[in-house]
A.B. asks: 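Dropping the structure in here first, questions after.
To find a chain, count down the sequence lines: A is the first, B the second, and so on, and within it residues start at 1.
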Amino acid sequence: MKNISKKVLVGAVAFALVLPASFTFSQGASAASPVKGGNLTILRGDLESSLTPSTPPDNAGIWVVEEIFDTLLVPAQDAKSLKPSLATSWSASKDGLTWTFKLRPGVKFSDGKPMTSKDVKFSLQENSNPAGNWGFINSSISKIGTPNPLTVTVTTKTPYSPLPAVMAIFANSIVPYNYGGKTKEAFGKSPIGTGPFKLATWTKGQLIKIVRNPLYWEAGKPYLDSVTFKLVPDSNTRANQVQGGQAQINEFPSYSSVKTLKSVKGVKVTAFDSSAVNYLIFNNTKAPLTDVHVRKALAYLVDKKAIIAAVTFGIGTAAGAYMSPTSWAHNASIKGLPYNVAKAKAELALSTQPNGFEASINVSSGSADENSKAQILQSEAAKIGITLKINQLDPSAWTAARDAKTYDIMFGYCTTDIIDPDEIIRFAGLIDGGGSSLWSYYDNQTSAKLANDAVLVDDQAKRKAIYDKIQLAFDADQPMVPLYYAPNLYSYSTKVQNFHPFVTGNYNFRNVWLTK
Amino acid sequence: MIRFLVKRIALLIPVVFGIITATFLLMHATPGDPALTYLGNHPTPAAIAALHHQWGLDKPIINQYFDFIGGLFTGDLGSSLFYNETILKLIALKLPPTLMLMLMGSLFGVIFALPLAIWTAIRKDKFIDHLVSLMNAVILGMPIFFIGAMGILFFALKIPIFPVGGYGESNLQHLWSLVLPSITIGLGLVPLLVRSLRTSVIESLDSEYVAFARSKGLKNRAVWLKYALRNGSISGISILGIQVGYLAGGSLVIENVFAIPGMGSFLMSGILNRDFPVVQGATLTFAMLVVLVYLMTDVAYALLDPRARFK
């Protein structure tokens, strides 16, 4: 009681002193002094599938894993560098083949057992299985050594400069050796980690509640007693629940609701930097889209400004290069092809189909965004004699067409899981990068060789010069049209303080607190 | 009565069997692969094959069908591919909110409809009668999710009586959070219930047995309770019974609007992920539910109207 009245008094005095700036004051004061306690409820539209770090294919699972487990390193807030986490320091050998990580002493798992190099070796090995969801990310690793309990060495087949960034991916989170004696499935249901929170309840397809891990190594954190992730598929209902005070954070409000939400008292909407790039994707193995002139003709028909206005309600920026501007490797000189119907016509005249052709666009049924984009493109294409048919497919059928190479044109996006550009340069631009050039099946062997050269070099400026070339080649070929760079939208209660997700998505709830 | 029941149940078995067979075939005929959904952006052929083997999807369709049917007889509905949990456990978790929603929805429907029907029957062709039939037309024309959204806007956000959505944590909270969604569903039932009840109450009020009862000097109250309402409610019950399909479908939509973790959202996520066991388990549950309610309707009908037992 004493404490509260003191706070009120100090607040009243300060309020009287800075009366005109009272609003700024209240924000500044709360930002400076974290409050301990409280439960934060975050609403999401997607279901989490797994809490075993090496398994989840979905962000819904990944973002919970990141609160229960720690990685050796973590991205810095600006996503340009890495910071220590379970490893306090790291260095490469002279030949660039072996990386040595010094582990933080005194770290315990939430069951009280100490975390040692044995656990790290097991965790990295678990995620290196090529048949696993994230095995590809560790494919450069050839050997893991444990010279002592607090030192881990990772040896790669060839010099591999992205390795520290790979150690910061959730899939390489540290789990207890041999899953603490449990099977992988059993461990996934009751996971044990070193992270700021531990699992309390998990009602499948309904909610996950995580509570403070009292053994967490970072003194004084987390501030919150617990975080509840609730599944609420309808975006209107999510917005209403935050407005009604039943929840604090809405994961991804719809673009159309942003304007309304901004005017609601007690609710804040923020667009955080994200690595997401949205593309118009061509099936580069299917005629006539095999013809670069056909692809370029379609690219000239894309009115990016109209799409941003109609689909994201002005949120996001028109894209040029296929790498996100949040990456240091982004080539800012690439602007893409401008919207120009005359040039599109001229380009088509050079192609195998000078008088136009018929093709289809696959859209995920129920996606209003994809439907609007398809309709805009459809009406533009008609101007130069290209007839586009819109195919509505449910998400599972859409994926099946994508993987069977039977589609003509579709929309897609990708985000990065690590802050090093290597993942996306390969995933979206190379045929054997894990995603078949984002399922455009674009195959550029010159770029593939360049990407392999880039990871042998440690110097960032030299690497960027190589990535610039790869992005230029991509721009010349237009296997996909980068449409726009979209931020991550969150609407949340003004009581939520210090909420700032990383470019890679991590929520970092350890830093978040709630004002009363 | 027992013969009547046995006959009814015997007729229902092929219906349920037909529904689950049709669901099984439809799900497998639709393009889409649970392994691709599960693996997200990184499906390798090896990983897809491993999952197919783990889930038994590499077996011929006919074997999968017989495995499923065989499982039914031993009470084993299999396990969800995504939730990594048995279907029975999941249904035990998801069914109660939906059942409660349907039950409370019908209850609210009757609570609203009964007085309106009696009132409009008494005041036939008067102003109130026309007003109610206008209101019925408006409600019939409004989609259920719209009514729900308006309910949230006025009774949860503007005047915060009810929670905006969700299901709460304690039993009392469960019940409280179901009130607004149940009223929404109940409102959808009102137009049909009022119409049929009104008509049959008017019919029985005009009938000879009511005139005879009155001429014998029976009090108004007794005439209403023993004759007009009892005979009028027969049609109401069959309407309510037939509407169980609407209730099941309505709960699917309403669960989404109010974020209630019931069978509706469970079935939807199952369909989208191609989680075959979930879809089969959920459809079987819904089919059983509808069929059971039909059976109960028949029984109630037979109890109220002895003629039905001999048909």
A.B. asks: With a 4.5 angstrom heavy-atom cut-off, is it the side chain or the backbone of B/N256 that approaches chain A, or both, or neither?
C.D. replies: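 Contact with chain A is through both the backbone and side chain of B/N256.
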
A.B. asks: Are the aromatic rings of B/F155 and B/F162 close, with centres under 6.0 Å apart?
C.D. replies: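 No: the rings miss the under 6.0 Å criterion.
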
A.B. asks: Could you look at B/F266 and say if it's the side chain, the backbone, both or neither that has a heavy atom under 4.5 Å from chain A?
C.D. replies: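 Neither part.
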
A.B. asks: Pick whichever of A/K189, A/E185, A/R238, A/K230 has the most heavy-atom pairs under 4.5 Å with chain B.
C.D. replies: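 The residue among A/K189, A/E185, A/R238, A/K230 with the greatest pair count is A/K189.
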
A.B. asks: Is B/L90 close to chain A through its backbone or its side chain, or both, or neither, when contacts mean heavy atoms under 4.5 Å?
C.D. replies: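 Side chain only.
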
A.B. asks: Should A/F170 and A/W134 be marked as a ring-ring contact (aromatic ring centres under 6.0 Å, His included) after you check the CA-CA gap, both sets of side-chain angles, and the distance that decides it?
C.D. replies: CA-CA 10 Å; A/F170 64 89; A/W134 300 95; 5.0 Å; yes

A.B. asks: Please state whether the side chain, the backbone, both or neither of A/D403 comes within less than 4.5 Å of a heavy atom of chain B.
C.D. replies: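 The answer is the side chain of A/D403.
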
A.B. asks: Evaluate the side-chain hydrogen bond (donor to acceptor under 3.5 Å, both in side chains) criterion for residues A/N127 and A/N172: first the C-alpha distance (whole Å), next the side-chain angles of each, then the deciding distance (0.1 Å), finally the verdict.
C.D. replies: CA-CA 6 Å; A/N127 189 42; A/N172 281 329; 2.9 Å; yes

A.B. asks: With only heavy atoms counted, which part of B/P160 is less than 4.5 Å from chain A, the side chain, the backbone, both or neither?
C.D. replies: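 For B/P160, no heavy atom lies under 4.5 Å from chain A.
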
A.B. asks: Against chain A, label B/L272 side chain, backbone, both or neither, depending on which of its atoms sit under 4.5 Å from a heavy atom there.
C.D. replies: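 Both parts, backbone and side chain.
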
A.B. asks: So, do A/V363 and A/N391 sit near enough that their side-chain heavy atoms are less than 4.5 Å apart?
C.D. replies: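 They are not in side-chain contact.
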
A.B. asks: Any chance you could lay out the side-chain hydrogen bond (donor to acceptor under 3.5 Å, both in side chains) test for A/N39 and A/S226, step after step, and finish with the verdict?
C.D. replies: CA-CA 5 Å; A/N39 172 64; A/S226 56; 2.7 Å; yes

A.B. asks: Between B/K89 and chain A, with a heavy-atom cut-off of 4.5 Å, which part of the residue counts as in contact: side chain, backbone, both or neither?
C.D. replies: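 It is neither, since no heavy atom gets under 4.5 Å.
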
A.B. asks: Begin with the C-alpha distance, continue with both residues' side-chain angles, and end with the deciding distance and a verdict on side-chain hydrogen bond (donor to acceptor under 3.5 Å, both in side chains) for B/E255 and B/T98.
C.D. replies: CA-CA 8 Å; B/E255 276 174 21; B/T98 305; 2.7 Å; yes

A.B. asks: By a 4.5 Å heavy-atom criterion (distance strictly below it), what part of A/T55 contacts chain B: side chain, backbone, both, or neither?
C.D. replies: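 Side chain only.
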
A.B. asks: Please determine which of A/F427, A/Y407, A/Y413 meets the ring pair (Phe, Tyr, Trp, His ring centres under 6.0 Å) test together with A/W439.
C.D. replies: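 With A/W439 as partner, ring pair (Phe, Tyr, Trp, His ring centres under 6.0 Å) holds for just one option, A/F427.
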
A.B. asks: Measure distances from A/Q241 to the heavy atoms of chain B and classify the residue's part below 4.5 Å as side chain, backbone, both or neither.
C.D. replies: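 When you check distances to chain B, atoms from both the backbone and side chain of A/Q241 fall under 4.5 Å.
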
